[in-house]
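Everything below concerns the one structure shown next.
Since the structure is predicted, the reported quantities are computational estimates derived from the model, not experimental observations.
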Amino acid sequence: MSSDAADLAARLLDAHVDYERRRLTDPVAFAALVEEEITAFLDAADQLPLEDAVSRDLVKAVARKYAIAFPVDGAIPGLVGTVASRIYEYSTGDDTRLGDVLERRRYEELAAGVAELGLSRRMLKRVLDSPATEDACVEAIQRAVDSSRMPGPVATVVDSMVERVARHCARTVLAANRAEADHLVLDAAREVWLAGADQSVGDVRDVLSSSDVEDAVVLVFEFWRTFRETPFFRAILDEGVDEVFDTYGATSLSDLLDELGVGRDDLVEEAMRFGPPVIARIDADGFVEAALRRRLSPFYTSAEFAALVGR
């Protein structure tokens with residue numbers, strides 16, 4: 001490239017960098033740029049179905065990487081534990097009443113909904129019908145009747161009678177409560193609420209200690225680390241991706257965003273929320289100009305540019 005062409009390239013590069021930098025750093029220009037780019041994206045997205053934009057196999061590969069293969073060791077468990085501990089320390093010092101966090105009417109609506117769930121009913125029925133529940137009731141009654149100080153033969157007879165009576169009573173009580181399972185859950189929920197509504201959030205320390213929080217974090221982490229490596233988890237992950245594509249594969253990307261509750265105004269709002277302050281901060285250190293120059297300069301030193309200006 002001749003010296004005249006090189007000088008032209010340098011001047012054009014400076015002008016181009018300055019132009020693009022002003023578009024990013026000037027608030028009015030940046031707002032116009034955001035509107036332009038988001039409008040163009042949504043116009044294109046309106047004509048592009050999900051299944052044409054990306055294949056389900058690619059999405060499965062990404063999902064498997066971050067849900068299964070991505071390491072969760074190192075700083076991540078420690079960070080989660082630190083965050084949990086900080087939230088716990090904040091909660092134990094808070095005087096907000098539990099009743100102010102969740103109104104009684106809302107609590108009862110939630111409790112009623114949970115009690116009426118088919119899952120809740122089936123679980124309660126299984127617990128009440130389980131021989132293990134009956135055995136637990138019998139054992140509790142037997143422990144209350146101390147026959148250890150009685151003569152051997154008498155103790156044997158007493159233990160046998162206690163077991164027969166306790167088992168009969170346990171079966172009767174469990175059978176009687178089976179039909180009232182929903183009411184039992186609701187009554188228990190109301191009692192819990194009445195007992196704790198006037199307590200403060202800080203009273204959680206009487207039930208939950210900081211070591212409990214740490215133990216829970218460790219348990220969840222260990223469960224997740226092993227569960228995600230099972231064939232079952234991989235299968236349900238793939239099924240989840242297939243369901244999304246079966247349902248929304250023919251849906252355009254713009255309509256899919258609408259389904260997710262993300263509209264054009266939301267995209268513009270978030271771009272204007274994060275863009276100006278972040279760009280202003282990195283521009284103060286010269287990173288914006290350096291990034292633009294690094295991005296644009298290869299063209300002005302390329303053979304294509306030299307051919308345009310006649311070398």
Side-chain angles (χ1 to χ4, degrees), residues 19-20 23-24 27-73 76-77 79-80 83 106 109-110 112-123 220-221 223-279 282 288 291-292 294-296 298-299 304:
Y19 171 76
E20 296 293 348
R23 292 188 77 197
L24 293 173
V28 176
F30 182 76
L33 177 63
V34 166
E35 294 277 353
E36 175 188 333
E37 292 298 326
I38 289 178
T39 299
F41 164 74
L42 291 177
D43 287 344
D46 194 47
Q47 307 298 322
L48 188 61
L50 174 63
E51 59 191 2
D52 290 346
V54 62
S55 72
R56 65 180 67 197
D57 288 337
L58 289 177
V59 174
K60 287 180 181 180
V62 173
R64 290 168 184 165
K65 173 184 176 181
Y66 289 101
I68 300 175
F70 195 77
V72 290
D73 297 319
I76 295 178
L79 177 61
V80 173
V83 171
R106 297 297 182 188
E109 289 175 354
L110 177 62
V114 172
E116 293 172 1
L117 286 175
L119 174 62
S120 299
R121 291 174 173 173
R122 289 191 295 272
M123 290 183 65
V220 171
F221 170 68
F223 168 77
W224 170 248
R225 189 170 61 176
T226 54
F227 176 62
R228 70 179 191 149
E229 296 175 353
T230 62
F232 175 73
F233 178 75
R234 178 185 289 268
I236 61 175
L237 188 65
D238 289 347
E239 286 295 321
V241 173
D242 285 334
E243 178 60 28
V244 171
F245 273 85
D246 291 343
T247 305
Y248 294 106
T251 304
S252 69
L253 295 181
S254 60
D255 288 341
L256 183 56
L257 287 174
D258 288 336
E259 289 283 342
L260 297 174
V262 180
R264 179 182 180 281
D265 292 342
D266 299 305
L267 296 174
V268 172
E269 179 184 354
E270 298 309 323
M272 295 305 298
R273 187 196 311 277
F274 290 98
V278 172
I279 293 173
I282 63 176
V288 172
L292 289 171
R294 183 174 61 253
R295 180 65 177 169
L296 299 174
F299 170 72
E304 288 81 0

Measure the [atom1]-[atom2] distance between [X] and [Y] for me, rounded to the nearest 0.5 Å.
X	Y	atom1	atom2	answer
L237	F232	CG	CZ	11.5 Å
D265	I38	CG	CD1	9.5 Å
E243	R56	CD	CZ	9.5 Å
L253	E259	CG	CD	13.0 Å
D43	L48	CG	CG	12.5 Å
Y248	D255	OH	CG	11.0 Å

- Does the side chain to side chain contact (heavy atoms under 4.5 Å, CB included) test come out yes or no for V288 and I282, once each step is laid out? CA-CA 6 Å; V288 172; I282 63 176; 3.6 Å; yes
- Query: So, do Y19 and L292 sit near enough that their side-chain heavy atoms are less than 4.5 Å apart?
  - Reply: no
- Take E36 and R23 through the test salt bridge (Lys or Arg N to Asp or Glu O under 4.0 Å) and record every step on the way to the result. CA-CA 12 Å; E36 175 188 333; R23 292 188 77 197; 3.4 Å; yes
- R225 and E229: salt bridge (Lys or Arg N to Asp or Glu O under 4.0 Å), yes or no, with the steps? CA-CA 7 Å; R225 189 170 61 176; E229 296 175 353; over 6 Å; no
Heavy-atom pair of closest approach, residues [X] and [Y]:
X	Y	value
A45	S252	O-CB, 3.5 Å
S254	L42	CB-O, 4.2 Å
A271	P276	O-CD, 3.7 Å
G263	D258	CA-OD1, 4.3 Å
F245	V54	CE2-O, 3.4 Å

- Geometric class of the F227/F223 ring pair [parallel <30°, tilted 30-60°, perpendicular >60°]: parallel
- Message: Check the orientation of F233 and W224. Use parallel for under 30°, tilted for 30 to 60°, and perpendicular for over 60°.
- Response: perpendicular
- Message: I'd like to know if D266 pairs up with R273 as an ion pair, taking the criterion as any Lys NZ or Arg NE/NH1/NH2 lying under 4.0 Å from an Asp or Glu carboxylate oxygen.
- Response: no
- Item | Electrostatic pair R264-E35, nearest N-O below 4.0 angstrom | yes
- Query: Going through the checks in order, is the side chain to side chain contact (heavy atoms under 4.5 Å, CB included) test met by E37 and L267?
  - Reply: CA-CA 11 Å; E37 292 298 326; L267 296 174; over 6 Å; no
- Message: Could you go through V244 and V59, starting from their C-alpha distance and side-chain angles, then the distance that decides it, and tell me whether this counts as side chain to side chain contact (heavy atoms under 4.5 Å, CB included)?
- Response: CA-CA 10 Å; V244 171; V59 174; over 6 Å; no
- Is F299 atom CZ crowded by more than 12 heavy atoms from other residues, nucleotides or ligands, each under 6.0 Å away? yes
- Message: Please determine whether side chain to side chain contact (heavy atoms under 4.5 Å, CB included) holds for the pair R64 and D238, giving the CA-CA distance in whole Å, both sets of side-chain angles, and the decisive distance to 0.1 Å.
- Response: CA-CA 9 Å; R64 290 168 184 165; D238 289 347; 2.6 Å; yes
